Every structure is written in C-alpha cells, then in structure tokens.
Protein chains: 2
Amino acid sequence: MQTGGLLKELIQSLCCLPGIGPKSAQRMAFHLLQRNRDGGRHLSKVLSQAMENIAYCRDCRTLTETEVCEVCANPSRDDDVLCIVESAADVWVIDQATGFRGKYFVLHGRLSPLDGIGPEQLGIDLLEQRLGKGPIKEIILATNSTIEGQATAHFLAEIANKHHIPATRIAHGVPMGGELEFIDSGTLAHAFAGRREF
Amino acid sequence: MQTGGLLKELIQSLCCLPGIGPKSAQRMAFHLLQRNRDGGRHLSKVLSQAMENIAYCRDCRTLTETEVCEVCANPSRDDDVLCIVESAADVWVIDQATGFRGKYFVLHGRLSPLDGIGPEQLGIDLLEQRLGKGPIKEIILATNSTIEGQATAHFLAEIANKHHIPATRIAHGVPMGGELEFIDSGTLAHAFAGRREF
C-alpha cells in the first residue's frame with residue numbers, strides 16, 4: 001500500500017536491530033505508535049544519547065560514557081586480578097553472574113588472521129602496557145570456547161608467561177542443569193577428560 | 001557492575017519494544033554500540049519523527065503522517081468497497097497480502113463492554129457518516145475471528161443492513177498449507193460445516 005513513507009521507514013529502521021525481521025519490526029512499529037508513544041519517544045532520546053556519548057574506557061576498552069569506566073575507576077576492586085574477555089557484553093554478563101571483584105580487559109574480537117584480526121586489532125599493546133604497569137597476580141582468560149577463542153587464550157597465556165603472571169582459563173564442561181543425553185560429544189569428551197575429584 | 005547509567009538505560013528502554021526482554025535488549029544495545037552506530041542514530045531519528053508526526057487518517061482512522069492517508073487519497077482505488085478492520089496493522093497486512101483495491105475503515109479495537117469499549121470508542125459515528133455519504137456496494141467485515149471480533153462483525157453487519165449495504169465476512173477455515181491433524185477442533189468444525197463445492 002506504500003502507506004506513509006515514515007511508517008515504512010520506521011519498520012525498515014527497526015530491522016537494524018539484531019534478530020528483528022520485517023514481521024517483528026512491523027509489530028514493534030504498530031505497538032509503539034498505537035500503544036506506547038511515550039516509550040518510543042524515550043527510546044529515541046536514550047538511543048541518540050547512547051550512540052553519541054558511549055565510547056571505550058581508556059584502561060580496559062569496555063563501553064562507557066566516561067573516560068574511565070566504573071569498574072576501572074572503582075577503588076574497591078582488585079587491581080591485581082585481570083579478566084580478559086572478547087567483548088564488552090562479556091564484561092556485563094560476567095559481572096552480573098559472578099562475584100568477580102577484579103578488573104577487565106576487552107579485546108573487542110578474537111585472533112582471526114584470515115579476517116585480518118591480529119594482536120594490533122585486539123589492543124595487545126595496551127594490554128602489555130597494563131601488565132608492565134602494576135603487580136598482577138592472576139590473569140583469567142575468559143575468551144569464548146570457540147576455536148578462535150581458544151587460540152586467542154593460548155596466545156594470551158604466552159604473553160602472561162612472558163610477564164611471569166599465572167594465567168587461568170574458565171572451566172569448560174557440561175552446563176549446570178544440562179542433561180548428558182543432550183550435550184554435544186565435544187563438550188562431553190572435554191568434561192570427561194577434565195573430571196575432578198568429588 | 002552498574003556500568004554506565006546510559007548503557008543500562010538504553011537496555012531498559014529497548015525493553016519497551018514488544019517481545020523484547022532484558023536479554024534481547026542487552027544483545028541489541030551491544031550490537032548497536034559495537035557494530036552499527038549509524039543504524040542506531042538513524043533509528044533514533046526516524047523513531048522520534050514517527051512518534052511526533054504519525055497520526056490518524058481523517059477518513060479511515062489508519063496511521064498516517066498526512067491528514068488523509070495514501071489509500072483514502074488515492075483516486076484509483078474504489079470508493080464503493082469498504083473493508084472494516086480492527087487495527088491499522090490489519091490494513092497493512094491485507095494490503096500486502098491481497099489485491100484489494102477498495103478503501104478501509106479502522107476501528108482501533110473491538111466491542112468489549114467489560115473493558116468499556118462500545119460503539120463510540122470504535123468511531124462508529126464516523127463510519128455511519130461515511131456510509132451515508134456515498135454509494136457503497138459492499139462492506140467487507142475483516143475483524144479478527146476471536147469471540148469479540150465476531151461479535152463486532154455481527155454488530156457492523158446490522159449497521160450495514162440498516163443502510164441496505166451487503167456485508168461479507170472473510171472466510172474462516174483450515175489455513176493454507178495446514179495439516180488437518182494439527183488444526184484445533186473449533187476451526188476444523190467450522191471448516192467442515194462451511195464446506196463448498198469443489
């Protein structure tokens with residue numbers, strides 16, 4: 001019907017959200033227009049502010065609206081334990097799920113030579129500076145358990161080794177609440193080989 | 001971690017979208033911030049414009065940014081067939097799915113006395129004006145096939161009858177491509193009773 005260029009444009013713009021196709025975007029647009037205009041206005045405002053003001057933390061490269069993020073600026077958090085993650089979203093989930101009180105370093109990616117992602121793109125120079133700066137007693141390698149994430153963890157472990165800092169890797173195995181029957185064989189083999197005293 | 005009031009606010013604002021919970025909102029926020037800032041900025045702009053400028057068509061009450069919507073303003077569409085629907089989204093889907101070349105009337109709801117939704121709320125006075133204005137040779141009742149949608153269709157059929165205009169109802173039955181085994185019994189009984197010559 002070519003109704004309202006603006007309505008159509010709104011639906012198309014909503015498709016830029018991950019996991020949202022034309023059908024969901026349509027539903028969202030009509031929902032906001034018919035039932036929640038204030039919510040839509042508020043979302044527009046916050047979205048614009050966030051896109052302009054959120055940048056990367058000077059120290060750990062996570063997303064923040066200030067020069068140094070809240071975690072890095074927090075004096076009650078341990079400076080000597082560093083958790084290295086692939087993305088800012090990982091910082092968020094680890095901080096919500098665990099009682100981790102140390103600091104983070106965000107790679108914004110993983111080693112992937114074929115895609116042209118090497119140590120420079122991951123801010124390894126900044127990481128080395130950080131390791132050289134103060135005494136760090138543990139590096140937690142919390143990259144994903146994909147092949148590239150594992151390779152990145154190995155690479156980081158070597159750097160830690162060079163600086164004589166012990167590196168640990170988050171545990172891999174059967175997810176909590178998971179039934180063995182439905183776990184993929186790779187995970188199961190890994191969990192079996194990595195069994196621990198009970 | 002209380003990271004970034006703004007990031008948190010963005011995640012909360014995204015939750016105003018239908019079907020989006022905290023997890024999806026988190027994913028969307030990080031996606032926009034890390035990979036598609038331009039998309040985020042554009043969405044913010046279009047959203048704000050849409051919330052301010054899209055209102056209801058003077059004639060058919062659908063959503064439009066102009067006083068009269070494109071369908072009503074289109075001289076090549078038949079003035080004498082009127083399709084009555086519950087929401088502006090229905091106008092959109094019917095126009096995309098069918099070859100309908102008539103005009104619409106949007107109720108913005110359905111009769112629901114318990115919720116205080118009566119004929120006034122559905123713009124029936126405007127509809128009656130419209131029916132009195134020009135010659136209409138068919139009214140298509142395309143309200144939903146819920147109990148309230150059916151009741152609304154009956155109510156509208158009486159109005160059409162009063163104006164001596166034939167009213168038709170969209171067909172109900174087994175969806176195309178549907179397997180009988182998985183169709184609910186109400187639909188199947190309806191489809192069986194309403195069988196037509198092959």
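Basis for what follows: all heavy atoms, side chains included, without hydrogens, waters or symmetry-related copies. The chains referred to below are lettered A, B, ... by the order of the sequence lines, with proteins before strands, and numbering in each begins at 1. Keep in mind the model is a prediction, meaning the values are calculated, not measured.
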With rounding to the nearest 0.5 Å, note down the distance linking [atom1] in [X] to [atom2] in [Y].
X       : Y       : atom1 : atom2 : value
B:Leu6  : A:Asn53 : CG    : CG    : 6.0 Å
A:Leu63 : B:Leu33 : CG    : CG    : 5.5 Å
B:Ser48 : A:Leu10 : OG    : CG    : 11.0 Å

For B:Arg35, does the CZ atom have more than 12 heavy-atom neighbours from other residues, nucleotides or ligands under 6.0 Å away?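 Incorrect, the count does not exceed 12.
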I need the residue from A:Gln34, A:Gln49, A:Gln12 with the largest number of non-hydrogen atom pairs under 4.5 Å to chain B.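 Of A:Gln34, A:Gln49, A:Gln12, A:Gln34 has the most heavy-atom pairs under 4.5 Å with chain B.
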Who wins among A:Ser87, A:Gly39, A:Gly40 for the most heavy-atom pairs under 4.5 Å with chain B?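 Ranked by heavy-atom pairs under 4.5 Å with chain B, first place is A:Gly40.
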Hey, does [Y] have a side-chain heavy atom less than 4.5 Å from the side chain of [X]?
X       : Y       : value
A:Leu17 : B:Asn36 : no
A:Leu32 : B:Leu47 : yes
B:Lys45 : A:Glu9  : no

Do [X] and [Y] belong to the same hydrophobic cluster, where Ile, Leu, Val, Met, Phe, Trp and Tyr are linked whenever their side-chain heavy atoms lie under 4.5 Å apart, directly or via other members?
X        : Y        : answer
A:Ile139 : A:Leu127 : yes
B:Ile124 : B:Leu141 : yes
A:Val85  : A:Ile117 : no
A:Ile140 : A:Leu122 : no
B:Val106 : B:Ile136 : no

Side chain, backbone, both or neither of A:Phe100 within contact of chain B (heavy atoms, under 4.5 Å):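 When you check distances to chain B, no heavy atom of A:Phe100 falls under 4.5 Å.
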Contact part of A:Ile94 toward chain B, heavy-atom cut-off under 4.5 Å: side chain, backbone, both or neither?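 Answer is neither: A:Ile94 stays 4.5 Å or more from chain B.
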Does B:Ile20 form a side chain to side chain contact (heavy atoms under 4.5 Å, CB included) with A:Ile20? I'd like the steps, not just the answer. CA-CA 10 Å; B:Ile20 301 303; A:Ile20 301 304; 4.2 Å; yes
Taking all non-hydrogen atoms of both residues, which atom of A:Gly5 and which atom of B:Glu65 are closest, and how far apart?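 Minimum heavy-atom contact is N-OE2, 3.2 Å.
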Work out which heavy atom in B:His42 is nearest to a heavy atom in A:Ser13; give both atom names and the distance.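 Nearest pair, atom of B:His42 first, then A:Ser13: CD2-OG, 3.4 Å.
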Has B:Ser44 got a side-chain atom pairing as donor or acceptor with A:Ser44's backbone, closer than 3.5 angstrom?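 Yes, because the side chain of B:Ser44 sits within donor-acceptor range (under 3.5 Å) of the backbone of A:Ser44.
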Can you run down the side chain to side chain donor-acceptor pair (under 3.5 Å) pairs that involve residues 105-116 of chain A, sequence neighbours left out, and say none if there aren't any?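 Qualifying pairs: A:Glu86-A:Arg110, A:Ser112-A:Asp115, A:Ser112-A:Glu148.
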Where at least one partner belongs to residues 171-196 of chain A, residue pairs that pass salt bridge (Lys or Arg N to Asp or Glu O under 4.0 Å), sequence neighbours excluded: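 Matches after skipping sequence neighbours: none remain.
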Using a strict 4.0 Å threshold on nitrogen-to-oxygen distance, state whether A:Glu52 and B:Arg41 make a salt bridge.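 Here A:Glu52 pairs with B:Arg41 in a salt bridge, since their nearest N and O are under 4.0 Å apart.
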Is there any residue in residues 152-172 of chain A with a non-hydrogen atom under 4.5 Å from a non-hydrogen atom of chain B, and which ones are they?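 Near chain B, by residue number: none.
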Let me check something: any side-chain donor-acceptor pairs from residues 21-30 of chain A under 3.5 Å, sequence neighbours excluded? List them with distances.
from    : atom 1 : to      : atom 2 : distance (Å)
A:Gln26 : OE1    : B:Trp92 : NE1    : 3.0

